[in-house]
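The figures that follow rest on heavy atoms only: side chains count, while hydrogens, waters and symmetry mates do not. Nothing here was measured: the structure is a model prediction, and the numbers come from that model.
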Amino acid sequence: MNNLVFFMLLMLCMAFHYMPVSWHEVLGIMLVLPFVRHLYSYRGWWNMLGKGRLAGGGLSLFSSLLNVLLLVVFVVVIGSGILVSGYIFREIIPLELRMNIILHQLHVSACYWFMLLAAVHAGLHYESIRRRLFGAMHCWQEYALFAAVLLLGIFGSVSNQLGSRLMMKHVFHTDALQLPGLIYFLLLLGIFGSYFLAGSMIRKLTVKKSAKI
């Protein structure tokens with residue numbers, strides 16, 4: 001349930017163009033709670049990492065690096081969000097920082113990087129997530145779902161200028177932003193889903209390679 005709450009809050013935060021700034025900032029603060037709870041539930045893993053006791057290569061190494069990167073990017077997301085806050089923290093953050101275009105671009109870029117990394121992270125747990133959400137699926141149903149998600153993700157990435165956002169370019173308007181809010185939200189889900197599938201493929205390829213060795 002905690003992961004589902006986090007996912008929904010994240011997707012709502014990413015649709016910030018369609019809500020007042022105050023809502024976006026409140027949702028962003030709320031996002032910290034399930035994230036910290038998720039970290040706490042895996043505190044044993046982090047303790048082992050801190051003591052240098054995690055070993056192994058392949059998927060284990062990739063997953064460990066991804067987890068650390070996710071934490072770093074999330075800190076950047078929240079830190080930059082506080083610095084450009086125009087509502088919750090506006091009384092304590094100097095105007096020069098709140099209006100700094102570089103910080104705004106950093107915040108937007110970090111948000112998109114975090115969403116994609118979180119999607120890959122979730123994709124590494126594809127089998128357990130699929131069983132919980134869909135149960136048993138026929139191969140053709142699974143492939144049809146994959147195709148729909150990928151098409152939606154590709155269209156969403158192009159129409160929302162995902163590459164430019166990731167490179168911290170200042171994007172004023174995109175084709176995606178001309179669409180109704182619900183459609184834009186579906187495009188975000190498609191982008192997330194595409195990288196989720198990428199994570200699942202990374203897991204499958206890594207496991208197959210390890211099995212051959």
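Of the possible polar contacts, none joining the S80 side chain to the L106 backbone as a donor-acceptor pair under 3.5 Å is found. With hydrogens and angles ignored, the 3.5 Å screen pairs no side-chain donor or acceptor of R203 with any backbone N or O of Y126. Judged by distance alone, the side chain of R43 and the main-chain N or O of Y40 form a donor-acceptor pair under 3.5 Å. Put simply, the side chain of H24 gets close to the backbone of C13: a donor and an acceptor are under 3.5 Å apart. Using modelled atom types, one side-chain atom of E25 and one backbone atom of G86 make a donor-acceptor pair closer than 3.5 Å. In this structure, the side chain of S157 engages the main chain of G153 through a donor-acceptor pair within 3.5 Å.
Chaining together hydrophobic side chains whose heavy atoms lie under 4.5 Å apart places L95 alongside M99.
In this model, a donor atom of one side chain and an acceptor atom of the other lie less than 3.5 Å apart for Y112 and N160.
Going from atom CG of L124 over to atom NZ of K204 covers 12.5 Å, rounded to the nearest 0.5 Å. A distance of 7.0 Å separates CD1 in I93 from CD1 in I82, rounded to the nearest 0.5 Å. To the nearest 0.5 Å, the span separating CG on L177 from CD1 on I183 amounts to 13.5 Å. Taken from NE2 in H104 to CE in M168, the straight-line distance is 11.5 Å, to the nearest 0.5 Å. With rounding to the nearest 0.5 angstrom, the CG atom of L61 is 11.0 Å from the CG atom of L66. Rounding to the nearest 0.5 angstrom, the gap separating the CD atom in E96 from the CG atom in L83 is 12.5 Å.
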Practice item. Evaluate the side chain to side chain contact (heavy atoms under 4.5 Å, CB included) criterion for residues F35 and L10: first the C-alpha distance (whole Å), next the side-chain angles of each, then the deciding distance (0.1 Å), finally the verdict. Key: CA-CA 10 Å; F35 184 82; L10 175 62; over 6 Å; no
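Pairs of residues two or more places apart, or lying in two chains, never qualify as side chain to side chain donor-acceptor pair (under 3.5 Å) while including a residue from residues 187-197.
W113 and L166 make their closest contact through NE1-O, 3.0 Å (heavy atoms, listed as atom of the first residue, atom of the second, distance).
Taking the six-membered ring for Trp and thresholds of 30 and 60 degrees, H17 and Y184 have ring planes more than 60 degrees apart, a perpendicular arrangement. The aromatic rings of H121 and H38 sit perpendicular, their planes meeting at an angle over 60°, well past the 30° parallel limit.
Linking ILVMFWY residues whenever their side-chain heavy atoms come closer than 4.5 Å, directly or via other members, leaves V21 and M11 in distinct clusters. Note on L188: it does not cluster hydrophobically with I154, by side-chain heavy-atom contacts below 4.5 Å among ILVMFWY residues.
Here the two rings, on F185 and Y18, have centers that are 6.0 Å apart or farther.
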